[in-house]
Each structure stands twice: as structure tokens, then as C-alpha cells.
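Note sheet for the following structure.
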There are 2 protein chains.
Amino acid sequence: MRKQRLADLSRRERQIMEVVYRDGRVTAAEVLERMPDPPSYSAVRALLRILESKGHLRHEDDGTRYLYLPTLPKQSARKSALQNVVDTFFEGSTEKVVAALLDRDNLSEEDLARLSALIEQTRKEGR
Amino acid sequence: MRKQRLADLSRRERQIMEVVYRDGRVTAAEVLERMPDPPSYSAVRALLRILESKGHLRHEDDGTRYLYLPTLPKQSARKSALQNVVDTFFEGSTEKVVAALLDRDNLSEEDLARLSALIEQTRKEGR
DNA sequence: CAGCATGTGCTAAGGAACTAGCAGCAGGTG
DNA sequence: CACCTGCTGCTAGTTCCTTAGCACATGCTG
């Protein structure tokens, strides 16, 4: 079985995988309604079947219908997705990413305090 | 002209855009050698032309050949790429992303100090 | 100049992605 | 049972991505 990389997927396949990773355990109908520039219902079902045959997804029965979920755990997919963005757009610099995150949304004082604590924690462990 | 979203591109097109964003200003040959599962040289050139016609890239003359660069500034592309990953894999949580970043690579004490300073700075501004 | 290396532009074919629509199955309801 | 609803499986067709290969331009070198 091939290694599963989001980057190897076609446009539609990738869009579907993103929905599945975001929402975790979804029906074909749910995937459809959460896709950008929504294709046909039938197209979604076909793609889900293809993704399953390639090993990216599996399904569980939920009464008469299917619930799809990723085979690769979110934890892992998350890791390589982040890695990819950091390498591509942030020259591999953690600091730049954090700067962008801080700039992005207006975090509350509590949020900032938690981040601060997170870093302090890591510093302690580093010793 | 359409909005330029990485997510709307085909597999190969997206791979090329990632190389261009990573390396900034590249020739067709450079794009080829930095692509995963490299296609033919000719295919790369065709795709570069297509991306240019769609408005994702433009080129400058460099003697006899072309240097390609993105039309959308890296700063903007970076922002939406990060946004997308955060939403898809981190439930929109900045804190989770930072945690993953800290976990990811072994940062030196100086790196951590800088991150800490960055956050403190933001806290001050927030007041 | 002739030959070679290294570019670009273009086109046409091959194949993969994407789609629509039909058939079948199960559950609920009168 | 007969009928509707909501789901899956499948196939056939179309679109468009992806590719190879040819034609032409430029610069370098013997």
C-alpha cells in the first residue's frame, strides 16, 4: 500500500479528505454539503469509494448508510500538514508561524496567558 | 479574474505553486527538479504556462529563459494556507497549533525565549 | 559558419478525474 | 402489500489534466 500523502490526491479527493479530517465521521451527504463548489451527490459517493479503495478512508455501518472516517489518524495527518505549510510558506521557521498566528486572530488575554504558560513549560522541560 | 486559492488547483498545479512559494523565483528546470514524483520537463513548462494564464504566476526574463514568481504575495498565500490547516486539523485552535509546533522540533532555549518575548509583546499591545 | 546546448511555444493524444443517471436494497407508513 | 424515502453500487460518457514530441530562437564554441 502506498504512503498516504494529501499532496498526492486530486483536487476533489483532497477536498473530501479535508472535510473528513475536519469533521471526523461523516456521511456522504454531509461531505457534499461541506464541500466548496459542491459537485453532485453521486460524484461525492464515487470519490468516497475511490478513496476507500486507495486506503485513505474506511467506513462503518450506521443503520442503512455509511459513516466515513480516515484510516490515518488525525494526529499524524495533522503533523504532516503542518510540516508542509511550515516548510513551504515559513521557511521552516517556527517563530514565523507563531508570529503569523498571533497576528491572525485577536486572542484574548487568557489565550495569550495560556500560550505563554505552554512555552514556559517547554523551557522547563528543556533543561 | 477568479480568486486564487491553492485548493482550487489540480494536483500538479498545486505542487508547482508550492515550489514557487517555497523558492521564490525559479526556472522551469528548477521547478522540475524540486517536484515530488517528477513529471517530464515538457509537462512542467506546460503547467507553468497554464498557471500563468490563470493568473497565479507571472514571469520575468532572465537572459534567454524565464523566472517564474507568484502574483499573489507570499504573505497572503501564507496566511490562507495557515488558516486552512488550522481549521482543518486543529479545530481552529491557535493553542493546539503552538503545542504541535513545540512538540515538533527541539527548539533551543534562545528560540523559546524569542517566542516568549513575542507573546509578551502581543499582550502589551492588547491592553 | 556549423553544431550543440538550452531555452520557449504549441498541439494532439492518452488517461485519469469527474459526473449523471439508472438499478437495487432496506425501512417506514397507509 | 404498495408506495415513498434515502441510501449504496455501478457504468458510461465527458471534461480536462498531463504528457510527449516537434518547431523555432538564442548563445556559445570550435
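Predicted model, so just to flag it, every value in this text is computed and none were measured. Just the heavy atoms: all of them, side chains too, but no hydrogens, waters or symmetry mates, feed the values below. Each chain gets a letter, A, B and so on, in the order the sequences are listed, and its residues count up from 1.
- When rounded to the nearest whole Å, the span between CG of B/L32 and P of D/dT18 equals 15 Å.
- Crowding of B/K79 atom NZ: a count of heavy atoms from other residues, nucleotides or ligands under 6.0 Å not exceeding 12.
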Subject >> Where protein sits on nucleotides 5-15 of chain C, one letter per nucleotide: B base, S sugar-phosphate only, - none, heavy atoms under 4.0 Å >> reply: --SBBB-----
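- To the nearest angstrom, P of C/dA17 lies 7 Å from CD1 of A/I50.
- Ion pairing between A/E13 and B/R11 fails under the 4.0 Å rule for side-chain N and carboxylate O.
- A straight line from NZ of A/K54 to P of C/dA17 spans 5 Å, rounded to a whole angstrom.
- Taking 4.0 angstrom as the limit, B/S10 places a side-chain polar atom (N or O) nearer than this to OP1 or OP2 of D/dT18.
- Across the protein-nucleic acid pair, A/L51 atom CG and D/dG9 atom P stand 14 Å apart, rounded to whole Å.
- In this structure, CG of A/L47 is placed 15 Å from C1' of D/dT8, rounded to the nearest angstrom.
- No salt bridge links A/E52 with A/R49; every basic N to acidic carboxylate O contact stays at or beyond 4.0 Å.
- If you take CG on A/D23 and OG1 on B/T88, they are separated by 9.5 Å, rounding to the nearest 0.5 Å.
- Distance CD (A/E13) to P (D/dC17): 15 Å, rounded to an integer number of Å.
- For the pair A/R22 and B/F89, the cation-pi criterion (under 6.0 Å, within 45° of the ring axis) is not fulfilled.
- Relative to the ring axis of A/Y68, A/R25 does not place its NZ or CZ within 45° and under 6.0 Å from the centre.
- An OP1 or OP2 oxygen of C/dA16 is reached within less than 4.0 angstrom by no side-chain nitrogen or oxygen of B/R11.
- When rounded to the nearest whole Å, the span between CD of A/E60 and P of D/dC7 equals 17 Å.
- Remark: P of D/dT15 and CG of A/D37 are 17 Å apart, rounded to the nearest angstrom.
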